[in-house]
2 protein chains.
Amino acid sequence: MPDTAPEPLRMTAEHRELLDQLLDKWSLQVLDTLCERPRRFNELRQAIPAVTQKSLTTALRRLERNGMVTRVVLSTRPVAVEYRISPLGSTLQDLIDRLYHWTTTTLPEVEAAREAYDRSE
Amino acid sequence: MPDTAPEPLRMTAEHRELLDQLLDKWSLQVLDTLCERPRRFNELRQAIPAVTQKSLTTALRRLERNGMVTRVVLSTRPVAVEYRISPLGSTLQDLIDRLYHWTTTTLPEVEAAREAYDRSE
DNA sequence: CGGTATCCATTAAGATACTG
DNA sequence: CAGTATCTTAATGGATACCG
C-alpha cells in the first residue's frame, strides 16, 4: 500500500446541501432536543425558545424527509403526535454535542475578536 | 468533588448565533478551504464553486469579525490580499472534517429516506 | 486585483386566522 | 392538539456597474 492518502474526499454539492438542511438554526435545536428524549409538537415549541409554529413545522418535515426524525402518531384520545430521533439521526448526536461544546469554550475569544474588529473598522 | 456532571451546558442564544454564523453554506466551505492553505480572494472564488463575489465577501467579513479568519494585505505591486485561517479558526478544523466525513458515510441512507418519504406522502 | 454600490428576484420568517 | 392557509414583511442571493 504505497499511498497513505486514501481518498480525495471531494465535497460535492449533495454533501453540502445535506449539511445545509441539517445545520440551520432550527433543525440543529430540534435534533438536539430530540436526542434527549421524544417530544410532542407543543413540547418542542416550548423547548425551543422563539420558534414559530411555521418554522418548527418546516424543520420537522425536512428532518423527517432526510431520515433524521420519525413522526409517530399515538392512538390516544385525542390523538397525539410524537417526534423521535431516528437511528440515523442519532449518529449526529456526538457531532452536535461537540459543536455545542466548542462554542462554550470558544465564545469568550470570539467576543473579544468581535470587539477588536468593531473598534478598528 | 462529589459531582461528575459538571455543567448544565445551557445552550444560550449567543452560542446558537455563533454556530449560525459559522455553519452556513459559504462560511463552512471558506473555512474548509482555508484550513488547507492561505488563499487570495480570487483563489477562493475558484475553489468554491458557484459562490458569488458578494456572498464570498460577506462570509469573509463575518468570519474575520468572529476571529476565525485573518485578512493579510501583502505589500506587493500591485497589492494582494491573502486570507488565512486563524489559530482560533483552526480549532474548528477537526469538527468540520468530521461533519464532512459524516455526510459521505450517511448520504446513501439519507437518499433512501428521501425517496421513501417522497413516495409515501 | 479586490473589492463596493445598487437594483431586483427569490426565499425565509412573522402574524393571524382557521380546521380535523 | 397539531397543524394548514394566507398575507405581509424582512433577509438573502444574483446580476451588473463601477472604483482605488
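Within every chain, numbering begins at 1; the chains are lettered A, B, ... in the order of the sequence lines, protein sequences first and strands thereafter.
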Is a salt bridge present between A:Glu64 and A:Arg61, judged by a nitrogen-to-oxygen distance below 4.0 Å? yes
Separation of A:Arg45 atom CZ from C:dA15 atom C1', in whole Å? 12 Å
Rounded interatomic separation in angstrom, taking CG from A:Asp24 and P from C:dT11: 16 Å
Atom-pair distance (NZ on A:Lys54; P on C:dA12), nearest Å: 10 Å
What pairs of residues pass the side chain to side chain donor-acceptor pair (under 3.5 Å) test when at least one of them lies in residues 18-30 of chain B, not counting sequence neighbours? A:Arg16-B:Gln29, B:Glu17-B:Gln21, B:Gln21-B:Asn66, B:Asp24-B:Ser27, B:Asp24-B:Arg62
A:Arg71 or B:Ser55, whichever maps to the more 5' nucleotide of DNA chain D: A:Arg71
Do A:Arg84 and A:Glu82 sit within salt-bridge range, that is, some charged N less than 4.0 Å from a carboxylate O? yes
Gap between atoms CG and C1', on A:Asp20 and D:dG13 respectively (whole Å): 14 Å
Calculate the interatomic distance between B:Glu43 atom CD and C:dG2 atom P; express it in whole Å. 8 Å
Could you tell me how far apart B:Lys25 (NZ) and D:dG13 (C1') are, to the nearest whole angstrom? 9 Å
Interatomic distance, A:Gln53 CD vs C:dG14 P [rounded to whole Å]: 13 Å
I'd like to know if A:Asp94 pairs up with A:Arg98 as an ion pair, taking the criterion as any Lys NZ or Arg NE/NH1/NH2 lying under 4.0 Å from an Asp or Glu carboxylate oxygen. yes
Between D:dG3, C:dG3, C:dG2, which one does the side chain of B:Thr57 approach most closely? C:dG3
Report which part of the nucleic acid B:Arg61 touches: base, sugar-phosphate, or nothing (heavy-atom distance under 4.0 Å, all strands). sugar-phosphate
